[in-house]
Colleague: 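If you scroll down you'll find the structure; I have some questions about it.
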Protein chains: 2
Amino acid sequence: MARVRKTVTIRGVAEEAGVSLQTVSRVINGGPNVRPQLREKVQAAIDRLGYVPSLAAQRMSGSRSYIILAINDRERTLADWRDRMGTDWVDQMLLGGILTCSKHGYRMMVELVDTHSDHVERELGAALSALQPDGVILTPPHSENPLITDLLAHRGIPFARIGSDAPGAGIRLTMGDAGAAHLATSRLAELGHRRIAMIAGPAQYSLSGWRIEGWRRALVEAGLPHEGLLEVGDFGYDSGARAARVLLDRNPDCTAIIASSDQMALAALEVARERGLDVPRDLSLISFDNTPIVRFTQPPLTAIDQPIAETVSRAVEQLIARSPETDDSAVIEIAAALVERASTAPAPAKTPDHG
Amino acid sequence: MARVRKTVTIRGVAEEAGVSLQTVSRVINGGPNVRPQLREKVQAAIDRLGYVPSLAAQRMSGSRSYIILAINDRERTLADWRDRMGTDWVDQMLLGGILTCSKHGYRMMVELVDTHSDHVERELGAALSALQPDGVILTPPHSENPLITDLLAHRGIPFARIGSDAPGAGIRLTMGDAGAAHLATSRLAELGHRRIAMIAGPAQYSLSGWRIEGWRRALVEAGLPHEGLLEVGDFGYDSGARAARVLLDRNPDCTAIIASSDQMALAALEVARERGLDVPRDLSLISFDNTPIVRFTQPPLTAIDQPIAETVSRAVEQLIARSPETDDSAVIEIAAALVERASTAPAPAKTPDHG
DNA sequence: ATTCCGTTTGTGAACGATCACAATTTGGGG
DNA sequence: CCCCAAATTGTGATCGTTCACAAACGGAAT
């Protein structure tokens with residue numbers, strides 16, 4: 001019969017060290033006003049007993065919960081998982097979040113919430129009541145949903161909004177979407193492309209607008225046209241295929257496409273293949289996201305790498321360091337980078353043969 | 001000044017419904033012996049106030065924590081994340097875990113732990129003390145680490161071991177590795193392949209052995225040789241490349257390879273390309289895992305789909321339903337499936353030209 | 001010495017729920 | 001109509017920690 005060792009509590013430590021509970025508590029939390037000698041003694045007792053404070057008890061006694069809650073879109077996440085498309089957002093959020101949280105003694109929890117459903121508030125409210133997180137990280141499109149941001153603001157829970165610069169409460173972080181799109185477009189212009197199309201994301205995402213803006217600005221700067229070169233998808237494969245077809249039908253002289261998601265880029269690649277267009281000889285392709293799959297396509301895709309992990313990491317640090325009334329006016333921007341692979345090349349010397 | 005609504009507690013509900021705390025508690029937990037009429041009244045009060053019990057308080061008062069902890073290998077996970085290889089294990093664990101947990105009012109938390117480090121026990125012990133989870137899910141190689149399983153058994157925390165059939169405490173679940181390898185090998189034999197090689201995983205994973213066993217058995221049944229056709233890798237790309245080179249050097253007449261991970265299969269694909277071998281004309285390839293990337297390689301890979309999500313889901317259900325002393329003797333097996341894509345084809349009519 | 005003030009340590013209450021048990025109600029049989 | 005057991009409801013005590021505040025300590029200024 002394995003004697004189950006009784007849980008070590010702060011009381012056990014106090015007895016072991018011969019001090020009061022409060023003193024142990026001070027040592028745990030790095031409180032001030034403890035003589036170094038005593039602190040060491042208590043710390044030794046903690047180590048000897050292998051004591052770790054109970055998160056539940058800490059939370060109960062009015063202190064922090066040491067939990068950061070990351071909210072993701074349920075529908076998209078589940079669809080991606082089920083289709084085995086991978087969920088780079090979740091992966092990268094965890095990478096950035098777990099590491100940074102654990103560095104500060106926090107933990108990260110992932111919650112899936114339906115944006116569109118009319119019980120967002122109930123769902124999220126339940127999670128908040130149950131978990132009582134010290135901070136919440138909102139990804140698009142939740143970061144732009146006033147129902148959600150209002151709820152959090154009203155409850156007084158610090159939160160970070162990724163991919164939204166709409167004014168209002170909350171720390172705001174963006175990944176330089178306009179700049180990234182501008183960079184990608186300029187690069188294509190440098191390579192001699194004259195008709196550079198874009199497959200954008202849906203309008204309800206602010207970042208869709210920013211990317212369009214960056215693309216358009218780069219075209220204007222390069223003296224290139226943009227009429228008829230914009231199509232909108234929903235980030236998914238099918239919408240990307242449709243958009244690519246429309247784009248190529250309408251613009252036989254189009255030699256480059258920027259897609260606002262990897263899946264849409266993949267679709268464009270397939271459409272090009274269908275039509276006998278070689279990538280990158282006849283058509284250059286740049287995608288947004290840089291998820292694992294685009295490294296293994298034929299050819300590997302040039303892509304804009306979204307620094308999700310770093311952004312989430314920054315968000316976590318902001319939330320943890322947060323004093324109740326900090327200034328949220330600034331938008332923190334983490335720049336995205338362009339990863340050049342084999343799907344981009346100089347524009348063909350002449351218009352591709354059409355006859 | 002946004003008036004921050006005071007948190008609704010069980011006391012508020014009790015007052016609203018005009019009953020005692022205990023009665024509300026009974027309603028929350030679906031306890032017996034509450035008259036339907038009263039139950040409804042209390043439920044109405046709960047709904048009206050939007051009350052949700054605090055997890056921390058529930059845990060404090062000796063009840064469950066409603067948390068399931070999933071342990072993953074830190075090293076591998078971080079490497080995969082950083083290399084942007086995707087982490088299908090984590091993805092699929094979350095898919096299966098989060099959904100099943102939330103169905104039962106539980107939550108899932110992911111913890112990364114170093115298997116090899118000598119402070120496994122301290123790390124895991126800290127997590128257990130802090131979180132006090134109601135159950136733990138162990139993935140390979142943790143599921144086979146006696147330090148970990150002993151720790152959990154000693155603490156009396158129910159746990160599930162995925163990919164281990166070693167006797168001992170804990171619910172055991174496997175994904176039919178032997179059967180899957182047998183299936184893949186038989187399929188290749190049916191296609192006329194005579195020399196079917198395997199790139200196995202490291203020996204410290206039981207599942208590596210099972211896969212080898214399934215492969216060997218299928219070969220024996222088909223009257224085919226297996227000498228010199230086995231190489232061992234570490235699941236990573238580089239080791240796969242090395243193994244593929246050794247295998248092809250040693251067996252110029254080898255026409256099919258089964259790799260024990262997608263990354264090793266990808267490496268084999270690249271090695272084949274280097275050597276001018278066409279996949280699948282000259283060489284058939286089957287991989288284990290079926291992560292997102294193998295659908296987009298050229299050609300898309302035939303792969304064994306590991307039912308991770310379903311396995312984790314089953315594990316969660318077992319853990320939740322667990323009574324302190326249930327029988328752990330049976331091993332639950334969730335069968336893997338073979339997804340046929342374009343990397344497998346009938347064996348070439350003759351030995352590939354070699355000269 | 002004495003006083004004072006800042007530093008260090010200790011004490012009881014509180015957090016929000018459940019547990020064990022006590023009190024009350026209910027429903028049938030005698 | 002009474003009594004008893006079962007069903008229903010209520011009452012402290014309790015979990016492990018921090019909070020607010022009180023007490024003891026120590027050194028410098030008086």
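All values reported here derive from a predicted model rather than from experimental measurement. Here is how names work: the chains are called A, B, and so on, in the same order as the sequence lines, proteins then strands, and each is numbered from 1.
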Colleague: Grab the CD-C1' distance between B:Q22 and C:dA22 for me, whole Å please.
Modeller: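 After rounding, the reported distance stands at 12 Å.
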Colleague: Verify the distance criterion only: is there a donor paired with an acceptor across the side chains of A:E317 and A:T100 at less than 3.5 Å?
Modeller: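 No, A:T100 and A:E317 have no side-chain donor paired with an acceptor closer than 3.5 Å.
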Colleague: Walk me through it: do B:R74 and B:D114 pass the test salt bridge (Lys or Arg N to Asp or Glu O under 4.0 Å)?
Modeller: CA-CA 5 Å; B:R74 172 186 282 130; B:D114 280 328; 3.2 Å; yes
Colleague: Taking atom types as modelled and ignoring hydrogens, do the side chains of B:T174 and B:D165 form a donor-acceptor contact shorter than 3.5 angstrom?
Modeller: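 Checked: B:T174/B:D165 side chains show no N/O donor-acceptor pair below 3.5 Å.
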Colleague: When rounded to the nearest 0.5 angstrom, what distance separates CD1 in A:I67 from CG in A:L55?
Modeller: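 The CG atom of A:L55 is 6.0 Å from CD1 of A:I67, to the nearest 0.5 Å.
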Colleague: Quick one: is C:dA17 close enough that its OP1 or OP2 comes under 4.0 Å of any side-chain N or O from B:Y51?
Modeller: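 Indeed, a polar side-chain atom of B:Y51 lies that close.
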Colleague: How many whole angstroms separate atom CD1 of A:I10 from atom P of C:dG10?
Modeller: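 That distance rounds to 12 Å.
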Colleague: Determine whether the side chains of B:R26 and B:S20 contain a donor N or O and an acceptor N or O closer than 3.5 Å.
Modeller: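 Their side chains do not contain a donor-acceptor pair, so the 3.5 Å distance test is not met.
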Colleague: Looking at B:S25, does any N or O in its side chain come under 4.0 Å of the phosphate oxygens OP1/OP2 on C:dT18?
Modeller: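 Checking B:S25 against C:dT18: at least one side-chain N or O falls below 4.0 Å of OP1 or OP2.
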Colleague: Please state whether the phosphate of C:dT9, meaning OP1 or OP2, lies under 4.0 angstrom from any side-chain nitrogen or oxygen of A:N33.
Modeller: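 The answer is no; no side-chain N or O of A:N33 sits under 4.0 Å from OP1 or OP2.
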Colleague: Whole Å only: how far is the CG atom of B:L38 from the C1' atom of C:dT24?
Modeller: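 The answer, rounded to whole Å, is 13 Å.
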Colleague: Rounding to an integer number of Å, can you tell me how far A:M60 CE sits from C:dA17 C1'?
Modeller: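 Atom CE in A:M60 sits about 7 Å away from atom C1' in C:dA17.
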Colleague: Have A:T115 and A:N145 got a donor and an acceptor in their side chains that come within less than 3.5 Å?
Modeller: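 No donor-acceptor contact under 3.5 Å links the two side chains.
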Colleague: Let me test you: for the helix from C:dA1-D:dT30 to C:dG30-D:dC1, what is the angle between the axes at its two ends (five pairs each), rounded to 10 degrees?
Modeller: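 The helix from C:dA1-D:dT30 to C:dG30-D:dC1 shows an end-to-end axis angle of 50°.
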Colleague: According to a strict under-4.0 Å criterion, is A:T23 in side-chain N/O contact with OP1 or OP2 of C:dG10?
Modeller: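 So the side-chain polar atoms of A:T23 do come within 4.0 Å of the phosphate oxygens OP1 or OP2 of C:dG10, strictly under.
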Colleague: Determine, stepwise, if the pair B:L319 / B:I137 fulfils side chain to side chain contact (heavy atoms under 4.5 Å, CB included).
Modeller: CA-CA 9 Å; B:L319 288 172; B:I137 296 180; 3.6 Å; yes
Colleague: Where each residue is assigned the nucleotide of DNA chain C containing its nearest heavy atom, which of B:T9 and A:R26 is assigned the position nearer the 5′ end?
Modeller: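 Nearest-nucleotide comparison on DNA chain C picks A:R26.
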Colleague: Could you state the CZ-C1' distance from B:R64 to C:dT18, rounded to the nearest angstrom?
Modeller: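 Rounded to the whole Å, the gap is 12 Å.
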Colleague: Report yes if at least one side-chain N or O of B:Q58 is closer than 4.0 Å to OP1 or OP2 of C:dT18; otherwise report no.
Modeller: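 Indeed, a polar side-chain atom of B:Q58 lies that close.
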Colleague: Walk along DNA chain D from 5' to 3' and tell me the first and last nucleotide with an atom closer than 4.0 Å to a non-hydrogen atom of chain B.
Modeller: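 Nucleotide range with atoms under 4.0 Å of chain B: D:dT8 to D:dG16.
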Colleague: Is any side-chain nitrogen or oxygen of B:R11 closer than 4.0 Å to OP1 or OP2 of C:dG16?
Modeller: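 False: B:R11 side-chain N/O out of range (4.0 Å or more) of C:dG16 OP1/OP2.
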Colleague: Assuming nearest nucleotide by heavy-atom distance, tell me which of A:R59 and A:G18 is located more 5' along DNA chain C.
Modeller: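 That would be A:G18.
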Colleague: Could you check whether A:R107 pairs with B:E111 (Lys NZ or Arg NE/NH1/NH2 to Asp/Glu carboxylate O, under 4.0 Å)?
Modeller: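 Yes, this pair counts.
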Colleague: For salt bridge (Lys or Arg N to Asp or Glu O under 4.0 Å), just list the numbers for B:E144 and B:R161, CA-CA rounded to whole Å, side-chain angles, deciding distance to a tenth of an Å, and then say yes or no.
Modeller: CA-CA 8 Å; B:E144 318 208 56; B:R161 294 185 293 154; over 6 Å; no
Colleague: Nearest whole angstrom, please: distance from the C1' of C:dT24 to the CZ of B:R35.
Modeller: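 To the nearest whole Å, that distance equals 11 Å.
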